[in-house]
Amino acid sequence: MFPENLFPPLPPAVRKHLADLGPALDAVLPLKARHRADLPGNIRLLSSLLTEDRDDLGRDYMGDPRTLSAYLRYFLPWNLYRLGRLFTGLSLDLPEGATLVDYGSGPLTAPLALWLSRPELRSRRLNVVCVDRTPKPMRSGLDLLRKLAGGEPPWKITLVKGALGMHLRERADLLVLANTLNELAWTRRPDLEADAARLAATLQKGLAPGGRALLVEPGTREAGRALSALRGACLELGLHPQAPCPHLRRCPMPGREPAPWCHFNFDTAGAPEWLVRLTAKADLTKRNLSLSFLLLAQGFEPEPNRVRGVSEAFDLPLGSRGQYACSAQGLTLLRFPAGGRGLPPGRGITATFPDQPERDRKSGAVILPLSEVRS
């Protein structure tokens, strides 16, 4: 199934659950007044370490109580919002008895996001295996999930101390790596192919028949480059992209300078007020969020003539509007009449290209003229 709109607005029920997350955190992980006063500064410090000074970040940084508190009260909620938007748009239905394996689980970010954004899964007996090097964040995430669920959830949750690639008895119907690749040293090296091939083999080995793998990363060029390399390696093993890619050809946005990379920006409408206030106290801004991701399915075949909007719309010469997109034609420039708003980033459409399409002189993209948008 080709997801039409990857980042729809959060449903009201999900917004309410995110609003309730603040009180739930206070109940499960209460802060003394002095520690609460230090929280904005600790958030700001951790933000700098995660973005600008990553080499100074310890391997098990969430073992530090101050760092863990900052992560749980700021980064976890924003990640839940970010994943909630994506999980609402993707088809992530899991049948009764299915197994979810979450590598690099941290405070159970992906299971929590599924619980918040996919209410149909809450009553199903799922086998959830969470793997991380540091057990304490996983235990905190499990306490938070129990609080949100109002008791013990029907999911069988197993916490495993370990790392990506470790042997597990379970094979996954859905294997998740969220914010995990960016912590691997090889993703910052110029040559990614050999390591990407090893990871692709690890993913394939960890899947049950018919299983899928979901990888979600920050929307940085570095992450986009790593996911593009992994996509190519997975294609060779028969693991095909179900989203966001609308085709199985070579990635037209591999992230190498100065070419564009595949990532999506979307607004923060519906974010809880308590989180917005905390963000302001930490002197940080969140006008929009960004991510790169891959949903891989064994042997998946995309529908023909699909096009996925990637960038936001921008002005072109002579009064028209443009937007970068991805299609089987490669990098695609959607061209709209003056005043056209373009597609919401992540929106998919069916389109017919001209027999002899023009190419954009600046980017080399194939130009697809659109007078109106049809899903």
Side-chain angles (χ1 to χ4, degrees), residues 3 5-22 24-25 43 46-47 50-51 62 70-92 100 102-118 137 141 144-145 148 174 176-183 213-224 226-227 243-244 261-280 282 284-295 308-312 344-347:
N5 188 8
L6 292 177
F7 308 104
L10 289 178
V14 179
R15 293 189 183 197
K16 183 180 185 306
H17 288 309
L18 285 171
D20 293 341
L21 185 66
L25 282 164
I43 290 171
L46 182 55
S47 177
L50 287 171
T51 54
M62 283 206 287
Y71 193 93
L72 291 174
R73 294 175 183 275
Y74 177 80
F75 294 93
L76 173 63
W78 277 120
N79 280 333
L80 292 178
Y81 177 93
R82 193 167 62 117
L83 290 180
R85 289 284 295 267
L86 178 62
F87 288 3
T88 299
L90 289 178
S91 175
L92 293 177
L100 165 69
D102 181 26
Y103 279 109
S105 189
L108 275 60
T109 307
L112 280 166
L114 277 175
W115 182 273
L116 292 171
S117 61
R118 306 300 298 229
L144 182 57
L145 179 56
L148 294 172
L174 180 62
V176 178
L177 281 73
N179 298 322
T180 300
L181 287 190
N182 68 86
E183 297 196 359
L214 175 63
L215 300 96
V216 187
E217 293 295 322
T220 62
R221 177 181 292 276
E222 197 171 74
L227 286 175
W261 73 100
C262 184
H263 68 292
F264 301 90
N265 295 319
F266 50 94
D267 60 41
T268 59
E273 285 298 322
W274 65 266
L275 182 56
V276 173
R277 290 194 299 270
L278 180 58
T279 301
L284 299 173
T285 58
K286 288 286 186 184
R287 295 188 182 90
N288 57 55
L289 297 173
S290 178
L291 62 77
S292 297
F293 81 99
L294 270 179
L295 178 62
R308 174 85 69 195
V310 177
S311 77
E312 298 176 81
R347 174 76 177 273

Please tell me if the side chains of Leu21 and Trp274 come closer than 4.5 Å, counting only heavy atoms from C-beta onward. yes
State, yes or no, whether a side-chain contact exists between Leu108 and Asp102 at a heavy-atom distance under 4.5 Å. no
Which heavy atom of Ser311 sits nearest to which heavy atom of Pro345, and what is that distance? O-CG, 3.9 Å
Looking at side-chain heavy atoms only, is the closest gap between Leu83 and Ser117 below 4.5 Å? no
For the residue pair Tyr81 and Trp78, categorise the inter-ring angle as parallel (less than 30°), tilted (30 to 60°) or perpendicular (more than 60°). perpendicular
Backbone N or O of Ala178 within a donor-acceptor pair of the Thr180 side chain at under 3.5 Å? yes
Would you tabulate the side-chain donor-acceptor contacts of residues 285-294 under 3.5 Å, counting partners in other chains and residues two or more places apart, or write 'none'?
residue: Ser290; atom: OG; partner: Asn265; partner atom: OD1; Å: 3.1
residue: Ser292; atom: OG; partner: Cys262; partner atom: O; Å: 2.8

For Phe7 against Arg85, the heavy-atom pair lying closest together: O-NH2, 3.0 Å
So, taking the atom named OG1 in Thr109 and the one named CG in Leu76, what distance separates them when rounded to the nearest 0.5 Å? 5.0 Å
Which distance, rounded to the nearest 0.5 Å, do you find between the CG of Leu177 and the CG of Leu215? 5.0 Å
Residues forming a side-chain contact (heavy atoms from CB on, under 4.5 Å) with Thr220, sequence neighbours excluded: Pro218, Glu222, Ala223
Where Leu46 and Ala70 come nearest, the two heavy atoms and their spacing: CD2-CB, 4.2 Å
Could you check whether any side-chain heavy atom of Phe264 comes within less than 4.5 Å of a side-chain heavy atom of Pro244, counting everything from C-beta outward? yes
Rounding to 0.5 Å, atoms CG (Asn179) and CZ (Phe75) come to a distance of 11.0 Å
Look up atom CG in Leu18 and atom CG in Leu275, then write down how far apart they are to the nearest 0.5 Å. 8.5 Å
How close do His17 and Leu116 get, counting heavy atoms only, and between which atoms? CB-CD2, 3.4 Å
Report yes if some heavy atom in the side chain of Pro111 is under 4.5 Å from a heavy atom in the side chain of Leu114; otherwise report no. no
Once you round to the nearest 0.5 Å, how far does CG of Leu295 lie from CG of Leu92? 6.5 Å
Measure up the His263 and Trp261 rings against each other and bin them: parallel (under 30°), tilted (30 to 60°), perpendicular (over 60°). parallel
Which pair of heavy atoms, one from Arg308 and one from Ala243, lies closest together, and at what distance? NH2-CB, 4.3 Å
Mind checking whether Leu72 and Leu144 have side chains closer than 4.5 Å, heavy atoms only? no
Work out which heavy atom in Glu217 is nearest to a heavy atom in Leu181; give both atom names and the distance. OE2-N, 2.8 Å
How far does CG of Leu80 sit from CH2 of Trp115, to the nearest 0.5 angstrom? 14.0 Å
